[in-house]
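A quick write-up on the structure given underneath.
Naming convention: chains lettered A, B, ... in sequence-line order (proteins, then strands); numbering from 1 in each chain. What you are looking at is a predicted structure, and each value in this text was computed from that prediction instead of being measured.
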Protein chains: 2
Amino acid sequence: MVARMHDSTSPRKGRTGRPRSAEADRAILDATRAALVDLGWGKLTMGEVAARAGVAKTTLYRRWANKNELVVDAVAVLFDELELPDRGCLKSDIEGVVLQFGALLARPETKTALMAVVAESTTDNALRERIRSAIVDRQKRLVVLGRERAQQRGELPPDSPGAEGALAATQAVGLIFDVIAGAIVHRTLVSSEPVDPAWAHSFSTLLLTGLVGLG
Amino acid sequence: MVARMHDSTSPRKGRTGRPRSAEADRAILDATRAALVDLGWGKLTMGEVAARAGVAKTTLYRRWANKNELVVDAVAVLFDELELPDRGCLKSDIEGVVLQFGALLARPETKTALMAVVAESTTDNALRERIRSAIVDRQKRLVVLGRERAQQRGELPPDSPGAEGALAATQAVGLIFDVIAGAIVHRTLVSSEPVDPAWAHSFSTLLLTGLVGLG
DNA sequence: CCAGTTACGCTACGGGTCGTAGCGTAAGAG
DNA sequence: CTCTTACGCTACGACCCGTAGCGTAACTGG
């Protein structure tokens, strides 16, 4: 479980008075995901979510300022389930995480919500920060972990020492992250084709051996 | 120039009566892009576009059924400018198209609109088809072209003959397309970092030599 | 030149959503 | 028991949607 950074849903610390209903929090986030499945992003309304959650509309606005932030929190918890079990070699590790992320993106609520909030974040810096800390950083850790493991196995060269080595490592992690996550998102949402084991195999082959290894 | 497939904007063929104003078409699409820059996707309204274009709101609805389809057409023409000049080797060709696509996605109107309509397309099949023919297929041709060139140069192995070879080639094109376009989109929109020559170089190196070549 | 046809600008409208304010009530803290 | 905060409920103005109706403008075929 990951600590909430943006405490829209956590109780005000050390406060007196009636505490916020944790049950209402859960009901609202569940209702948001369910409504996303049924209605999609565009037709999702705050009133609809409130009705499904059995909660007054004002209760939603006491926690989240608008639809964007609510949906980010509703979807973010889904990313907690991503893991990187050690499968013995880099290629297997990659295929495993690709399939996990593909399965997560195959869900209708993730599919319809993720790109919508990303699109909104292009004109809303606060929302972009929220997405970064709630979703992106959580995924990026998997890349760092997988890379370290591969280096210990000798499958990848170790980082150069010193400050410039650390910088290069950071850039490499960023590049790999964009390539992996971007490819999965693009295949799922734009190409509308499944991230299945066969594709994960081809993709990891490309990633490890480059274009010439595809033939 | 590419022929419009979805003739929301083209005149009804062989019709009598007053023809549609081509000037109004242009003004509406220009106003849509400008409004996207200023307002973003979420706050863009049909009335606002009509006012900016100096056109009645009803004129918009005579051409496009809703905001999604309007924005797809407004943004699609931007993708016409993508080209693949022959720079002599595969690596240079890749870097060239990566930088072009990166520059296109760096525009605010592209950035904010593209992901929004993709998100909507997850619950709207007609919209997904429109995006595919107006935007995606137009980009995919560049991958096909670049791959053929590289094969003629001997930089990539030729396709196997027969039906299964053609299938493998189609899958390879799809994979490469998702990897390239996905990585650029992800870096621009999610990571919020620029697609500059240095990144294009690192990316094309990764693409050609695989992960081990990054160190 | 004239009738027929279609597009345009304008106005108006019902319906829906937004986000907020105000109220009485419910639930813990001291 | 009192203080403080959250809750449900209602109501509200503001905004946007998408359409209908009208008179006018533009182009076509006879």
>> D/dA6, OP1 or OP2 - any side-chain N/O from A/Thr59 closer than 4.0 Å?
In response: no
>> Looking at C/dT5, I'd like to know if its phosphate oxygens (OP1 or OP2) sit under 4.0 Å from a side-chain N or O belonging to B/Arg20.
In response: no
Below 3.5 Å between N/O atoms, which protein atoms pair up with nucleotides 18-22 of chain D? Just atom names and distances, please.
residue	atom	partner	partner atom	Å
D/dG18	OP2	B/Tyr61	OH	2.9
D/dG18	N7	B/Lys57	NZ	3.2
D/dG18	O6	B/Lys57	NZ	3.0

I need the [atom1]-[atom2] distance between [X] and [N], as an integer number of Å.
{"X": "B/Asp25", "N": "C/dC8", "atom1": "CG", "atom2": "C1'", "value": "13 Å"}
{"X": "A/Arg63", "N": "D/dA6", "atom1": "CZ", "atom2": "P", "value": "9 Å"}
{"X": "B/Leu60", "N": "D/dC16", "atom1": "CG", "atom2": "C1'", "value": "14 Å"}
{"X": "A/Trp64", "N": "C/dG19", "atom1": "CH2", "atom2": "P", "value": "15 Å"}
{"X": "A/Glu23", "N": "D/dG8", "atom1": "CD", "atom2": "P", "value": "10 Å"}

>> Taking the nucleotide of DNA chain C with the nearest heavy atom to each, does B/Ala56 or A/Glu48 sit closer to the 5' end?
In response: B/Ala56
> Under the side chain to side chain contact (heavy atoms under 4.5 Å, CB included) test, which residues partner A/Glu164, sequence neighbours left out?
Replying inline: none
Can you sort out the partners of [X] under salt bridge (Lys or Arg N to Asp or Glu O under 4.0 Å), two or more places apart, ordered by chain and number?
{"X": "B/Asp159", "value": "B/Arg147"}
{"X": "B/Lys140", "value": "none"}
{"X": "A/Asp86", "value": "A/Arg149, A/Arg153"}

Give me the distances for all protein-to-nucleotides 24-28 of chain C N/O pairs that come in under 3.5 Å?
residue	atom	partner	partner atom	Å
C/dA26	N3	A/Arg18	NH1	3.0
C/dA27	O4'	A/Arg18	NE	3.4

> Does B/Phe203 have any ring pair (Phe, Tyr, Trp, His ring centres under 6.0 Å) partners at least two apart in sequence or in another chain, and if so, which?
Replying inline: B/Trp199
> Of the nucleotides C/dC18, D/dG8, C/dC8, which has the atom closest to the A/Thr45 side chain?
Replying inline: C/dC18
>> What I want to check is whether the side chains of B/Lys43 and A/Thr123 have a donor and an acceptor closer together than 3.5 Å.
In response: no
>> Tell me whether the NZ or CZ atom of B/Lys111 lies within the 45° cone about the ring axis of B/Trp41 and under 6.0 Å from its centre.
In response: no
Which side-chain N or O atoms in residues 169-184 of chain A pair as donor and acceptor under 3.5 Å with protein atoms at least two apart or in another chain?
residue	atom	partner	partner atom	Å
A/Thr170	OG1	A/Ala166	O	3.0
A/Asp178	OD1	B/His186	ND1	2.8
A/Asp178	OD1	B/Ser191	OG	2.7

N/O donor-acceptor pairs under 3.5 Å from side chains in residues 30-39 of chain A, not counting sequence neighbours:
residue	atom	partner	partner atom	Å
A/Asp30	OD1	A/Arg33	NH2	2.5
A/Asp30	OD2	A/Arg26	NH1	2.9
A/Thr32	OG1	A/Ile28	O	2.7
A/Arg33	NH1	A/Ala74	O	2.6
A/Asp38	OD2	A/Arg52	NH1	3.0
A/Asp38	OD2	A/Arg52	NH2	3.0

